[in-house]
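Heavy-atom basis, side chains included; hydrogens, waters and symmetry copies ignored. Ligands are counted one by one from 1 in listed order, and the atoms in each one are counted from 1 as well. The residues of the chain are indexed from 1 along the displayed sequence. Note that the coordinates shown come from a computational prediction; the quantities given were computed from them, not determined experimentally.
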Amino acid sequence: KESQAEKFLQQHMDPDTSTVTSSYCNEMMKHRNRTVGFCKPVITFIHQPLPDVQVICFQGNVRCKNGQSNCHQSSSKMRITDCRLKKGSKYPKCDYKTQQLQKSIIVACECVQYETVHFDGSV
Ligand code: ATP
């Protein structure tokens with residue numbers, strides 16, 4: 001079974017995409033297998049090299065949405081794409097709105113190697 005850190009990479013990392021088209025989210029949600037069983041309402045993909053994201057665990061500590069204290073905010077803005085399920089979209093036809101953004105991101109980090117395990121938001 002994949003670890004939480006592996007799941008984070010699988011779910012949120014997309015460093016190599018330079019051109020994001022309007023069908024990006026629909027394609028990504030299918031490819032990354034996140035539309036099995038139900039349509040995930042929101043997900044963010046990060047278009048930055050992996051080391052840029054890993055170091056966030058050593059940047060500004062902030063409180064997570066769930067009240068835990070293991071979240072960190074990136075000191076620089078990152079190229080991200082927000083995928084949001086369109087209203088009225090019903091499984092298995094998961095239809096997403098694709099929005100490219102340049103924002104600071106907040107991730108939760110855990111454990112020995114201090115790895116990213118959860119995407120908490122962008123600000
Ligand atoms: P993501 O949260 O990255 O969008 P997801 O929604 O599929 O992915 P969750 O179910 O939220 O995944 O799981 C994220 C994992 O991160 C869980 O194993 C959770 O225990 C872990 N985690 C560690 N710290 C936090 C935190 N502060 N807030 C939320 N999840 C956290």
Show me which atoms of ligand 1 lie under 4.0 Å from any heavy atom of [X].
{"X": "K7", "result": "5 (P), 7 (O), 12 (O)"}
{"X": "A108", "result": "24 (N), 25 (C), 26 (C), 27 (N)"}
{"X": "C64", "result": "27 (N)"}

For the residue pair [X] and [Y], confirm or rule out a side-chain donor-acceptor distance under 3.5 Å.
{"X": "K40", "Y": "Q11", "result": "yes"}
{"X": "S23", "Y": "N26", "result": "no"}
{"X": "H47", "Y": "T81", "result": "yes"}

Query raised in the report: Could you go step by step and tell me if K65 and D120 meet the salt bridge (Lys or Arg N to Asp or Glu O under 4.0 Å) rule?
Result: CA-CA 7 Å; K65 286 175 178 163; D120 209 49; 5.4 Å; no
**Report entry** Aromatic contact, F45 with Y24 (centres under 6.0 Å)
**Finding:**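 Yes, the ring of F45 comes within the 6.0 Å limit of the ring of Y24, centre to centre.
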Requested in this report: Indicate, with yes or no, whether the SG-to-SG separation of C39 and C94 is under 2.5 Å.
Outcome: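 The sulfur gammas are closer than 2.5 Å, so yes.
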Considering heavy atoms of the protein only, find what lies nearest to [atom] and give residue, atom and distance to 0.1 Å.
{"atom": "atom 30 (N) of ligand 1", "result": "H118 CG, 3.5 Å"}
{"atom": "atom 27 (N) of ligand 1", "result": "N70 OD1, 2.8 Å"}
{"atom": "atom 1 (P) of ligand 1", "result": "H12 NE2, 3.5 Å"}
{"atom": "atom 5 (P) of ligand 1", "result": "K40 NZ, 3.3 Å"}
{"atom": "atom 28 (N) of ligand 1", "result": "N66 ND2, 3.0 Å"}
{"atom": "atom 13 (O) of ligand 1", "result": "Q4 OE1, 4.1 Å"}
{"atom": "atom 23 (C) of ligand 1", "result": "E110 OE2, 3.0 Å"}
{"atom": "atom 8 (O) of ligand 1", "result": "Q11 NE2, 2.9 Å"}

Query raised in the report: Are any of the side-chain nitrogens in K93 or D95 under 4.0 Å away from the carboxylate oxygens of its partner?
Result: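 So K93 does not pair with D95 through a salt bridge.
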Query - Heavy-atom check, side chain of T19 versus side chain of T17, under 4.5 Å - result: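 A side-chain contact is absent here, since even the closest heavy-atom pair is not under 4.5 Å.
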**Report entry** Heavy atom of protein closer than 4.0 angstrom to atom 19 (C) of ligand 1
**Finding:**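 No, there is no protein heavy atom closer to it than 4.0 Å.
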Requested in this report: Measure from atom 3 (O) of ligand 1 to the protein's non-hydrogen atoms and state whether any distance is below 4.0 Å.
Outcome: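 Protein heavy atom within 4.0 Å of atom 3 (O) of ligand 1: present.
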Query raised in the report: Could you state the interatomic distance from CD1 (I43) to SG (C83), rounded to the nearest 0.5 Å?
Result: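 I43 atom CD1 to C83 atom SG measures 7.5 Å (nearest 0.5 Å).
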Query raised in the report: Do any nitrogen or oxygen atoms of F119 lie less than 3.5 angstrom from nitrogen or oxygen atoms of ligand 1?
Result: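 N/O-N/O distance under 3.5 Å: yes.
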